[in-house]
Amino acid sequence: MTQEELSELQHVKELFKKLQELQYSTIGDPALSVSLGAGGYLHSISVFVHVSEEYSNGKALGSFTLAVFLSSKENEDACNACIAFVNAHRTLRA
């Protein structure tokens, strides 16, 4: 793994923590679900986020991916887009 990939691995781990907080904030919400999954191959990591509502029949309303092979900006943008997406759905239901 290159130094750049190691650096991005640490960045993705920090973003994953933000997404976990987002996921925890939906616990008990009857209409919104955030599922996180992480997998790795050869010291890499990919994070998959699945957002769904009770009326979506399990279909993803939004899907976001973070990965070591993406740039820091792409990973940051995906994380922020996921947070904004969930917040927008909360606002629409309020």
Backbone N/O of Gln3 and side chain of Ser7: donor-acceptor pair under 3.5 Å: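 No.
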Separation of Asp77 CG from Leu70 CG (nearest 0.5 Å):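 So the gap between those two atoms works out to 10.5 Å.
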Glu4 atom CD, neighbour heavy-atom count above 12 within 6.0 Å: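 For Glu4, atom CD is not crowded (no more than 12 foreign heavy atoms under 6.0 Å).
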All side chain to side chain contact (heavy atoms under 4.5 Å, CB included) counterparts of Glu21, not counting sequence neighbours: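 By the side chain to side chain contact (heavy atoms under 4.5 Å, CB included) rule, Glu21 matches no residue at all.
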Contacts of Leu15 that satisfy side chain to side chain contact (heavy atoms under 4.5 Å, CB included) - sequence neighbours left out: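 His11, Lys18, Leu66, Asn75, Glu76, Cys79.
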All salt bridge (Lys or Arg N to Asp or Glu O under 4.0 Å) counterparts of Lys17, not counting sequence neighbours: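 Result, salt bridge (Lys or Arg N to Asp or Glu O under 4.0 Å) vs Lys17: none returned.
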Glu5: side-chain hydrogen bond (donor to acceptor under 3.5 Å, both in side chains) partners, not counting sequence neighbours: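 Glu5: side-chain hydrogen bond (donor to acceptor under 3.5 Å, both in side chains) contacts with Thr2.
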Partner residues of Phe85 under the ring pair (Phe, Tyr, Trp, His ring centres under 6.0 Å) criterion, sequence neighbours left out: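 Only Phe64, His89 meet the ring pair (Phe, Tyr, Trp, His ring centres under 6.0 Å) criterion with Phe85.
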Residue pairs involving residues 23-33 (criterion side-chain hydrogen bond (donor to acceptor under 3.5 Å, both in side chains); sequence neighbours excluded):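 Output for this query lists Ser25-Arg90, Asp29-Arg93.
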